[in-house]
Amino acid sequence: MKTVVLKFGGTSVGSIDRIKKVCKIIAFYKKNRNRVVVVSSAMSGVTNELVNKSKLISNNFDRAEYDVLVSTGEQVSCALIAGRLKHNGFKSRSWTSWQLPILTDGPYSSARISSVGIKELNKYIKSGGIPIITGFQGINNDFRITTIGRSGSDATAIMLAKFIKADECIIYTDVDGVYTTDPRQHNKAKKIKKILYDEMLEMASLGSKVMQPTSVQDAKLNKIDIKVKSSFVSKSGTLITGSNKVFSNQIITGISSTKNDAKITIVGVKDRPGVAASIFRPLSKNLINVDMVVQNISQNGKETDLTFTIKSEDLKKTERLIKKNKSISYKKLSFDKDLSKVSIIGVGMITTPGITYRMFQALASKKINILVISTSEIKISVLISSKSVKKAIAVLHKEFKLE
Ligand code: ASP
Ligand code: MG
């Protein structure tokens with residue numbers, strides 16, 4: 001007998017009708033083979049409404065009460081699911097996370113799950129029951145309710161799968177898997193059958209919003225295979241895994257892109273040890289996220305040009321911080337907005353030479369100008385004008401035979 005964890009996202013339980021459909025999926029697993037554990041998110045929109053209410057009460061709403069408030073949406077959806085399963089003749093009950101308990105460390109609204117109490121849960125599962133567990137939350141050492149970050153129900157499912165030693169963890173959502181690139185940007189995007197954690201992490205943090213990066217990180221650390229599937233259509237999904245023996249000889253797995261990037265270049269910076277740190281210190285203090293960084297040394301070795309990217313919304317603030325930074329001197333400051341980062345991702349590039357060249361050549365063939373380049377072991381990113389993103393994705397998708 002297999003143990004499966006099924007996680008349902010907000011849109012999957014977004015209405016009474018959807019909840020009834022979800023119960024049919026749960027029933028399918030139960031009838032077929034398995035011990036079934038369910039994790040649910042709040043009905044879509046509910047968590048946002050709760051967040052808005054907190055803002056209407058105070059623009060400095062108490063952090064602990066915030067977690068008590070925004071965690072309530074899951075209690076509703078779990079009770080409705082369990083109620084419907086009982087209506088259909090199954091043994092089921094809801095479990096809020098403090099009842100298990102799901103223990104967490106760290107600050108309110110971004111705590112991390114440290115352990116899951118499984119004694120009662122296992123007894124209940126063995127007796128044939130289907131537990132329905134609230135995602136996104138836990139309790140801390142003071143027995144107070146915590147939440148684990150927006151979209152955190154994925155992480156709840158992954159940690160539950162770990163602690164009950166589940167055979168499978170299936171994330172049901174409103175898309176039927178992870179695609180080679182955003183299907184809205186490129187109509188030849190194809191569903192990926194299997195993707196490695198590291199590739200998924202790159203895809204997730206580079207703008208493919210199927211799963212939250214910290215959840216993928218949890219899955220990787222705990223070696224939990226995840227299947228992403230749609231609760232709306234019955235189709236095979238995408239497997240996110242750490243084992244690469246099952247992989248084809250595809251070199252590039254996917255292409256992702258960002259929006260709203262901006263570029264800053266500081267020309268003729270007096271070079272000395274520590275100068276890069278002096279430039280970035282105030283930015284980091286102000287929580288400005290710096291992404292790509294390129295530093296060039298001048299020929300006389302006394303000056304350096306520094307280029308880096310940030311999100312457009314941080315541009316004004318960054319400009320101010322650099323201008324009032326007394327610890328650096330430079331000749332010129334320049335800015336660019338409406339830029340995007342396009343990245344090709346795939347572990348295959350570790351062992352295949354010439355990928356960088358093929359990427360640049362493909363972009364050149366469409367006269368797309370590259371502003372900044374950055375690479376890691378399994379990813380090559382270029383910064384280009386946002387206007388050219390669609391074209392860039394199309395030519396790269398074709399070049400790397402993703403269609
Ligand atoms: N309901 C929570 C949120 O909207 C958690 C989740 O969806 O996973 O962020
Ligand atoms: Mg959600």
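For ligands, and for the atoms within them, numbers begin at 1 and follow the listed sequence. Count residues from 1 along the sequence.
- Residues in residues 118-127 take part in these side chain to side chain donor-acceptor pair (under 3.5 Å) pairs, two or more places apart or across chains: Lys91-Ser127, Glu120-Lys123.
- Residue contacts with ligand 1 leave out Gly73, since none of its heavy atoms falls under 4.0 Å from the ligand.
- Within the 4.0 Å heavy-atom shell around ligand 1 one does not find Gly135.
- Side-chain N or O atoms of Asn32 include one that pairs as donor or acceptor with a backbone N or O of Phe28 at under 3.5 Å.
- The residue from Met43, Gln137, Glu74 that puts a heavy atom closest to atom 1 (N) of ligand 1 is Glu74.
- In terms of polar-atom proximity, defined here as any N/O pair under 3.5 Å, Arg150 does make such a contact with ligand 1.
- In Ser153, the parts holding a heavy atom less than 4.0 Å from any atom of ligand 1 are both the side chain and the backbone.
- For ligand 1, the polar-atom distance check against Asp154 finds no nitrogen or oxygen pair separated by under 3.5 Å.
- Here side chain to side chain donor-acceptor pair (under 3.5 Å) pairs that include residues 339-358, with residues two or more places apart or in two chains, are Asp291-Lys341, Ser340-Ser386, Ser343-Ser381, Arg358-Glu399.
- Ion pairing between Asp176 and Lys191 holds under the 4.0 Å rule for side-chain N and carboxylate O.
- Within the 3.5 Å criterion, the main-chain N or O of Lys2 finds no donor-acceptor partner in the side chain of Asp167.
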